[in-house]
Structure formats: C-alpha cells, structure tokens
Amino acid sequence: MGFPQGFLWGGATAANQYEGGYNEGGRGLATSDVITDGNMNTPRRITIKLKDGTLTSINRFEELPDGAVGYLDPDTYYPSHVATDFYHHYEEDIKLFAEMGFNSFRMSISWTRIFPRGDEEQPNEEGLAFYDKVFDTCLSYNIEPIVTICHFDVPKFLADEMDGWSDRRVVDYYVNYCDAIFKRYKNKVKYWMTFNEINLLNGYTTLGCRKTDDQTRYQALHHMFVASAQAVQLGHVINPDFEIGMMVAYILSYPETCNPADQQEDIDAARNLKHFFCDVQCRGYYPSYKLAEFERKGIVIKKEPYDDEILFNGTVDYIGFSYYNSGVSTSRKDAETTDGNVARVVKSKYLKESEWGWPIDPMGLRIAMNQLWDRYQLPLMVVENGLGAKDTVEADGSINDDYRIDYLADHIAEMKKSIELDGVELWGYTPWGCIDLVSAGTGEMTKRYGMIYVDMDDKGNGNLKRSKKKSFDWYKKVILSNGEDLSK
Ligand code: BG6
C-alpha cells in the first residue's frame, strides 16, 4: 500500500527566516525584524525603545516595559532582514525544488508585505505581485503551494500601537488580510494554514503583546482562534475547494513511569501544550478542562456574543503539525532536562539527541499521528520535521549529510507505517528548511536543516550561493519512488 498516489512531497520554509527583502517592495516592519541573532549560549534579544527614549534590548521571551516599542537599531545585525534571500532567489530555488521532485512547497506570506502597517484597508499591490510571481513559478513546475498565513510575525505597527493580538481590532485586520490573499490567489493556492504553531505563541515577537502573563496570552489566543475560524469560513466562500488547516507543534510526551502521578502529569502536559489548541480549532469549542483552569486561575476571556458560533462554524479542514522531538512527563522535581522545539523537555534514557540537544524519536512520529488521528479523525500533514545540524563543506564542495538522511529516512518509514498499519489519512510531508534558512530558536545559520546549502554564516556573511547536499539526491529518489526507496 504505502503512500497514496498524489501524496504531497515537498519542503517547508517561513518568510521571517527565509524571505529577506525586509525593506523592499513597500514591505512594512514585522516584530521578527527587531530580533537579533544568537546561539545556544546567547539567547536572541529584541531591541526596544523605552518610553523615555532610551534604547536597550531584552531577552525575546521577556515582557516589554510599559510603553516600550520594538526598535530597529542600524548598528545591530538582524537575521530576518536578508535571511537566505528567497526574495531575490525564488526562481532559482523553486527550480531546485522541482529538480528534487517536489509537488508541494510550504512557505508563509509576510503579512507586512501585503499590509505594511497591518491596519490599512487596501493591500500593497507590489507585495501581492511578488507572491503572484512565486506561485506562478511553483505552478509552472506543478508544485502546489501550501501557504501559512502568519508564521511567527506580527506587523510591528499593530504590536507597538495596539499591543498586538490582545486587541480585538487585530482580528478584523487579520481577516482583511486573509480576504485580500484568498481573493488574489484563489486559483493559485489551495492549501492554507492560519497560524504557525499556534500553541507556542507568546509575548512580543509572536503575539505582538508586551505582556506574557496567562491573562494576556489567553485573551490574545482567543482572538486568534476567532480570527482563524472567521478565515476558514471566509475562505470556503471565496473558494469552496480551499483546504484550510491549523498548525500545531506536536510536542509528544511519554509518562516516565506507570506511577499514576506521572500519568496525570502527562495528561496535564498534553492538554496544556497541544490538545487545548487542537480541541478549539478542530472541535470548535473550549474544552472543559481549560474552562476549569481559567476559573481556578481567575482568567477571564472577554468574548463577543457571537464568538462561540464563529468558533463552532469555523473548524479546520485538516491538521498540519510539526514534529521534531519528544519529551517525558514526570512528577519528579529533579529530572534532568534537555532542549527541544522551543521548550525544554525532560531527557529520555532511550533516545539520542541532536547537536542542539533535541531528542531524536522517529517512532514518536507514528505515535503522534495516531494520537491526532484517534482524537480528531481529520486529515493530517506533517508540515515540519527535520534535523538541525552543522554541515561541513568539503574541499571539493560536497556536503555529506548522512546524519540528515538517516533522520529523515527513519521518520518517513514511521509515517509509512502509520498509513499502512494504522490507516491514518496523511496528505503530505514537507520537511523543515528544505533549503538552509535562519534558525527561529537561536537565530543561527550554523543550525542547518536543508537539502540545499546556502553560503551564509551566523553574522550574515556569505555569497548566498546555493549548492546541493547529499540529501538532495537522496530525497529526490525518495519522492520518485513515492516513499518506497529510503536507501542511502
Ligand atoms: C518550528 C518553527 O518551531 O521549528 C520553525 O515553526 C523553526 O519556524 C523550526 O525554524 C525549527 O526550529 P529552530 O529553532 O531549529 O529553527
């Protein structure tokens, strides 16, 4: 049986880490444009201007002081500004994707390229025209674009002037943005996702909110849920063939032991980290455990009278999810932790870790797929998966990334099992950073995911030249065999 005919094979990227051209084509600034570079030991920072005009910077997960705004310091290096320059390389890059055999390509639209401040009524034609060219190029190679509408950025104007998603008005601005791109690309794009990793958003960079407390975060998320549900309904009116999905970071976790306390810990973690978001977006209402938590913690969500109806009528068509690593749930307080996608996780004695400390767990992907399928019976897409690793360019220019091939092969094998043995409906696989791009977590270029290498270092030095890694030909063979031939 294996992968179905027409299975979507491709790769995934996001504008804030790949596109660049930050001040071209009438584009406005996004919150992601004021985040510095960093590395494993030096976390990324946001440059800010305080109410009294003082310039400073804070850790990107910290709260902004009252009245502070994001600030672009001309003497600071910001990786999003050029990133790996899809803006000027899209033709070359899409051609390489086609050569690998992609029949799909996940990317995000930069909101501020379409609405530079975020609150305009009319879109920026130059921005729309750019994505026309991108989609036309994809379609000329029979590559289906899969578009994330908002991936880790918020118009800086909306963040600074309105405190981002905590302000109800942003729902309307987002829906207006969706209206513009849905109408413009209704015959070019079929697959959409409303927000990237909605379960990981917090603070200034991804919600545009100064504060990071639960009350602010959940109110902002409520606005996003409503905005997403409105977008789903609107999209289906504009083109009933649209498939509009949610996108969740699937942080799989296992209870450490059969101690009931570990089991409860695992249930709580799963609800908190992922189920809540999927429950609202797939079932269309707030789950009882979250309402109980809100009550317990005194969190009050301000809703408009018709919000519940919007949520109920705007459930998603499919679930896109990222899967990189798993973690462990334990009631022990002294458990050793390691890094994982955004959040640190408790270490597993059964799993090896990547150079960045992320546990590698291919079997976990099948488990994740089964959990999602059993809970929602909605089609799935693995829209991110991959190994962030250091690559070495040999004297002859070759890059022998066998470690990446091993990682991808093992995960694809598990996806295949979930289709064959579990009957899960899986639409596609777009591994992360199919071409090297900036790491969201650390801001580095050294942490590479691509099958295509880009000559650029952590400080933005390099000629941006593209070259094929060993995994390029390997993935090409995988796609050509529709996932049957995973051999090296
Ligand atoms: C996901 C994000 O969390 O993981 C991507 O959707 C991100 O934007 C990816 O790049 C990998 O994480 P990192 O920190 O290695 O770039």
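When reading the values below, keep in mind they use all heavy atoms of this one structure, side chains included, and skip hydrogens, waters and symmetry mates. Counting convention: from 1, in listed order, for ligands and their atoms alike. Fair warning: this is a prediction, and the values are worked out from it, not measured in the lab.
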List ligand 1's nitrogen or oxygen atoms that come under 3.5 Å of a protein nitrogen or oxygen, with the partner atom and distance.
unit_1	atom_1	unit_2	atom_2	d
ligand 1	3 (O)	Glu197	OE1	2.5
ligand 1	3 (O)	Glu197	OE2	3.1
ligand 1	3 (O)	Asn341	OD1	2.9
ligand 1	3 (O)	Asn341	ND2	3.2
ligand 1	4 (O)	Tyr324	OH	3.4
ligand 1	4 (O)	Glu384	OE1	3.3
ligand 1	6 (O)	His151	NE2	3.4
ligand 1	6 (O)	Asn196	ND2	2.9
ligand 1	6 (O)	Glu197	OE1	3.4
ligand 1	6 (O)	Glu384	OE1	3.1
ligand 1	6 (O)	Glu384	OE2	2.7
ligand 1	8 (O)	Gln17	OE1	2.8
ligand 1	8 (O)	His151	NE2	2.9
ligand 1	10 (O)	Gln17	NE2	2.8
ligand 1	10 (O)	Trp432	NE1	3.2
ligand 1	14 (O)	Ser439	OG	3.4
ligand 1	14 (O)	Gly441	N	2.7
ligand 1	15 (O)	Lys447	NZ	2.7
ligand 1	15 (O)	Tyr449	OH	2.5
ligand 1	16 (O)	Ser439	OG	3.2
ligand 1	16 (O)	Ala440	N	2.7

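- Of the candidates Ser354, Pro359, Ser348, Pro359 is the only one forming a side-chain contact (heavy atoms from CB on, under 4.5 Å) with Thr338.
- Using a 4.0 Å cut-off between charged side-chain N and carboxylate O, Lys95 and Glu92 make no salt bridge.
- Between Lys188 and Asp132, at least one side-chain nitrogen of the basic residue sits less than 4.0 Å from a carboxylate oxygen of the acidic one, meeting the salt-bridge criterion.
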side-chain hydrogen bond (donor to acceptor under 3.5 Å, both in side chains) for Asn16 and Asp153? Distances and angles first, verdict last.
CA-CA 7 Å; Asn16 81 88; Asp153 54 14; 5.2 Å; no
Give the intermediate values and the outcome of side-chain hydrogen bond (donor to acceptor under 3.5 Å, both in side chains) for residues Asp457 and Asn461.
CA-CA 5 Å; Asp457 72 11; Asn461 306 302; 3.1 Å; yes
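- Ionic pairing of Lys290 and Asp279 is not present here: no N-O contact between side-chain nitrogen and carboxylate oxygen is shorter than 4.0 angstrom.
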